[in-house]
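Some notes on the structure that comes next.
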Amino acid sequence: MLIPATSKNSTTGYKNVSYKRSKNKFQAQVQDGGKCVRLGSFDTAEEAATAYAQSEYGRADAAKLLQPRPAPTPAGAEAIRQAEREGLTLTASSSSNTGYKGVCYRQKHHGSQKYELKVRDGGKQVFGDRLMIMQQP
């Protein structure tokens, strides 16, 4: 299973795959505990993405995406229906603590608005509204 890039800044279109001009090759690599782990250099982005997908790191990412999600609260279900009515797609994320790309859970925040929209625009971090629509009881 090839996992599309999570960053709009990706030049290859695949997660953990970059193009190395000096070698004229695509490189698959991941960060593991602060260390760079190189998975190899390849002639095509698809070969590098396949190597990542077949690695323990890629399999772990895929497994996270396949985990069943808890049923949303009534407010969360309404937010999903509203997104569908507007033709929007909620993007799953294996690296987010909420399971959704761009949404983070702020555990230590007091009050009802514990979810926050965080996105990057032109390389700058943009903080959006605080959300309460996805909270679990």
Side-chain angles (χ1 to χ4, degrees):
M1 172 176 165
L2 298 181
I3 300 176
T6 57
S7 169
K8 68 180 180 181
N9 297 329
S10 171
T11 58
T12 65
Y14 296 103
K15 183 174 183 177
N16 294 316
V17 174
S18 59
Y19 182 70
K20 300 297 179 189
R21 278 189 199 167
S22 61
K23 296 181 179 184
N24 199 26
K25 297 273 185 183
F26 292 89
Q27 186 169 351
Q29 64 184 36
V30 297
Q31 292 291 322
D32 185 9
K35 293 183 180 181
C36 181
V37 178
R38 288 184 177 82
L39 302 174
S41 295
F42 304 88
D43 291 327
T44 67
E46 291 75 17
E47 290 173 313
T50 299
Y52 168 71
Q54 291 173 340
S55 74
E56 64 181 287
Y57 306 101
R59 291 181 194 277
D61 266 355
K64 289 178 191 175
L65 290 173
L66 296 174
Q67 292 295 318
R69 296 180 188 272
T73 63
E78 177 53 34
I80 292 168
R81 287 191 294 276
Q82 179 65 31
E84 289 172 352
R85 285 192 294 271
E86 294 180 22
L88 303 174
T89 302
L90 301 179
T91 305
S93 171
S94 64
S95 60
S96 168
N97 61 5
T98 65
Y100 291 101
K101 182 177 178 182
V103 179
C104 67
Y105 177 68
R106 300 172 328 124
Q107 185 174 4
K108 294 184 179 181
H109 181 75
H110 298 288
S112 62
Q113 298 179 331
K114 294 185 180 234
Y115 293 85
E116 185 172 54
L117 177 64
K118 279 187 177 181
V119 294
R120 291 200 169 271
D121 183 21
K124 289 178 100 175
Q125 181 112 21
V126 178
F127 296 91
D129 294 332
R130 288 180 175 53
L131 310 169
M132 58 183 181
I133 57 173
M134 294 174 17
Q135 287 185 1
Q136 301 298 317

From OG1 (Thr12) to CD (Gln27), nearest 0.5 Å = 11.5 Å

request  = Heavy atoms only: give me the nearest Val17-Ala48 pair and the separation to one decimal.
outcome  = CG1-CB, 3.7 Å

message = Between Arg81 and Glu78, does any side-chain N to carboxylate O distance fall below 4.0 Å?
response = yes

message = To the closest 0.5 Å, what do you measure between OG (Ser41) and NZ (Lys23)?
response = 4.5 Å

ask   = Between atom OH of Tyr52 and atom CD of Gln29, what is the distance when rounded to the nearest 0.5 Å?
value = 12.0 Å

Residues 30-38 side chain polar contacts: donor-acceptor under 3.5 Å, at least two apart:
{"residue": "Asp32", "atom": "OD2", "partner": "Tyr57", "partner atom": "OH", "Å": "3.0"}

query = Atom CD in Glu46, atom OH in Tyr14: separation rounded to 0.5 Å?
reply = 4.0 Å

remark   = Value for CZ (Phe42) from NZ (Lys25), rounded to nearest 0.5 Å, stands at 9.5 Å

